[in-house]
Amino acid sequence: MFELVRYLKERASLVERSLAAAVPQSEGPSARLDEAMRYSLLDGGKRLRPILALASCEAVGGALDDALAFACALEMIHTYSLIHDDLPCMDDDDLRRGRPTNHKVYGEALATLAGDALLTDAFGVLARSPLARRAPALVAETVAELSEAAGSRGMVAGQVIDLLGEGRAMELGELEYLHGRKTGALFLAAVRGGARLGGASAAQMESLTVYAKALGLCFQVVDDLLDVEASTEQMGKRTGKDQAHGKNTYPGLLGLKRSREFANELSARAAGALSGFDERAEPLRALAGFVVERKL
Ligand code: GRG
């Protein structure tokens, strides 16, 4: 029987060691910036996106080392998005991962810049990875897909649609479009990038694309459910905010019961996409269960 909890812990600590090395604490004029970056980057979190990248690399028989820099880049971009999302000009949150948000500790200007630096440095980490010398075309393709996922056609677009849609009722298709960008794009890039760097075939990429799209949407539906059902203490971030901000959510549109059913359907769809893979895809299969059952 596959032990997911142990796997998650091992992979998270591998990622954390690499992140600590990727963003070292310097002395001198940049020390405070490094501190602000490391405050948000190294303070926990589930590390789901980097773990998905590593698990996808493994699922196609790739070497973990070849996806490690990419995994770090994903978490750096994810952390930047959280820092910026928490700013007063966006969601204005004071709690993240159980601790005061970056701007509460370092001020708005430094928090903004720490996010900017994490985003920019993420691409440098990937471009300087050992694989970039051995397989530059593969890494260039991954950089292109990662920038599309994070940028104006992906996560940033999703955030804009979300902010502009506050207080206006969306239809289901519109909500799915929004989340496909805000949350789903980075999940998709994680899975496809990890698989590509691991040497995936075209057929494997196709199946993993179905897996990642279903998983990303499942993650978001559950995120919406947890915002209604879970406590602030449990989540380490304020809950109950979606309704207060007039956000469009799955529970708001479908109700709690149907949203939970939809999340289960998506998790099953993700797992089903892995039917042609062998036991090396066990972590990905287990992650499809974890995303829908998670309490954090
Ligand atoms: C500011 C450009 C920009 C984008 C922000 C991703 C995002 C867009 C905002 C984060 C806020 C949010 C609640 C997004 C929806 C779901 C989500 C991404 C939750 C946080 O991800 P987890 O649960 O967090 O993986 P941890 O802390 O475990 O890393």
Side-chain angles (χ1 to χ4, degrees), residues 8-9 11-12 15-16 19 39-53 71-72 74-93 95-99 101-103 108 111-112 114-116 118-120 122 146-166 175-176 178-190 215-228 230 232 234-245 247-251 263 287 290-296:
L8 291 176
K9 270 194 192 143
R11 289 291 176 267
V15 169
E16 266 146 39
L19 285 170
Y39 174 81
S40 291
L41 188 65
L42 305 177
D43 75 339
K46 296 180 285 299
R47 313 302 191 193
L48 204 48
R49 294 149 193 84
I51 291 173
L52 275 170
C72 288
L74 283 164
E75 188 66 15
M76 289 166 76
I77 292 173
H78 170 58
T79 303
Y80 124 77
S81 80
L82 298 180
I83 295 174
H84 282 199
D85 188 63
D86 290 336
L87 287 169
C89 62
M90 295 216 198
D91 266 7
D92 193 10
D93 266 306
L95 192 70
R96 170 72 66 182
R97 292 173 171 172
R99 298 205 302 171
T101 45
N102 199 292
H103 66 272
E108 280 177 49
T112 306
D116 293 339
L118 283 167
L119 171 63
T120 311
L146 183 57
S147 104
E148 191 173 322
S152 62
R153 298 294 173 269
M155 187 171 70
V156 175
Q159 179 78 344
V160 170
I161 299 165
D162 195 16
L163 289 175
L164 297 182
E166 277 179 21
L175 191 60
E176 206 166 304
L178 147 61
H179 287 310
R181 274 140 200 84
K182 184 175 153 181
T183 318
L186 214 52
F187 273 78
L188 184 59
L215 191 78
L217 189 54
C218 177
F219 176 89
Q220 185 58 54
V221 177
V222 173
D223 206 70
D224 286 357
L225 281 163
L226 288 171
D227 187 72
V228 179
T232 295
Q234 179 184 330
M235 298 299 287
K237 61 180 180 183
R238 296 246 171 271
T239 54
K241 285 197 68 178
D242 290 343
Q243 204 184 4
H245 280 214
K247 291 249 188 206
N248 287 279
T249 65
Y250 284 91
L287 281 161
F290 170 79
V291 162
V292 78
E293 284 156 20
R294 73 195 173 98
K295 302 275 178 264
L296 175 69

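Counting convention: from 1, in listed order, for ligands and their atoms alike.
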Original post:
For His78 and ligand 1, does the shortest N/O to N/O distance drop below 3.5 Å?
Top reply: yes
Original post:
Do any nitrogen or oxygen atoms of Asp85 lie less than 3.5 angstrom from nitrogen or oxygen atoms of ligand 1?
Top reply: no
Original post:
Counting only heavy atoms not in Gln234, do more than 12 sit closer than 6.0 Å to its CD atom?
Top reply: yes
**OP:** Please write down residue, atom name and distance for the protein heavy atom closest to atom 6 (C) of ligand 1.
**Re:** Ser81 OG, 3.5 Å
Subject >> Asp223 side, atom CG; Thr239 side, atom OG1 - distance, nearest 0.5 Å >> reply: 11.0 Å
Subject >> Tyr80 N/O under 3.5 Å from ligand 1 N/O >> reply: no
**OP:** Give the contacting part of Leu296 toward ligand 1: side chain, backbone, both or neither, where contact means a heavy-atom distance below 4.0 Å.
**Re:** neither
Subject >> Residues Lys241 and Asp227 bridged, charged N to O under 4.0 Å >> reply: no
Subject >> Thr79 side chain reached by Arg97 side chain, heavy atoms, under 4.5 Å >> reply: yes
Original post:
Near His84, which atoms of ligand 1 are under 4.0 Å from a heavy atom of that residue?
Top reply: 1 (C)
Original post:
Quick one: nearest non-hydrogen protein atom to atom 14 (C) of ligand 1, plus distance?
Top reply: Lys182 CE, 3.5 Å
Subject >> Asn248 side chain to Gly165 backbone, donor-acceptor under 3.5 Å >> reply: yes
Original post:
How about Asp91 and Arg238: do any of their side-chain heavy atoms sit closer than 4.5 Å?
Top reply: no
Subject >> Positive for side-chain contact (heavy atoms from CB on, under 4.5 Å) with Thr101, one of Leu82, Asp92, Asp85, Asp86 >> reply: Asp86
Original post:
For ligand 1, which atoms have a heavy atom of Gln220 less than 4.0 angstrom away?
Top reply: 15 (C), 16 (C)
Original post:
Tell me: protein heavy atom nearest atom 17 (C) of ligand 1, and distance?
Top reply: Phe219 CE2, 3.9 Å
**OP:** For atom 23 (O) of ligand 1, grab the closest protein heavy atom and report residue, atom and distance to one decimal in Å.
**Re:** Lys46 NZ, 2.6 Å
Original post:
Below 4.5 Å, heavy atoms only, C-beta onward: do Glu16 and Arg47 meet side chain to side chain?
Top reply: yes
**OP:** Starting from atom 8 (C) of ligand 1, find the nearest protein heavy-atom neighbour and note its residue, name and distance.
**Re:** Gln159 OE1, 3.4 Å
Original post:
Does ligand 1 have an atom under 4.0 Å from some heavy atom of Arg49?
Top reply: yes
**OP:** Give the residue, atom name and distance (to 0.1 Å) of the protein heavy atom nearest atom 27 (O) of ligand 1.
**Re:** Arg97 NE, 2.8 Å
**OP:** Answer yes or no: is there a donor N or O on one side and an acceptor on the other, between the side chain of Asn102 and the main chain of Ile83, under 3.5 Å?
**Re:** no
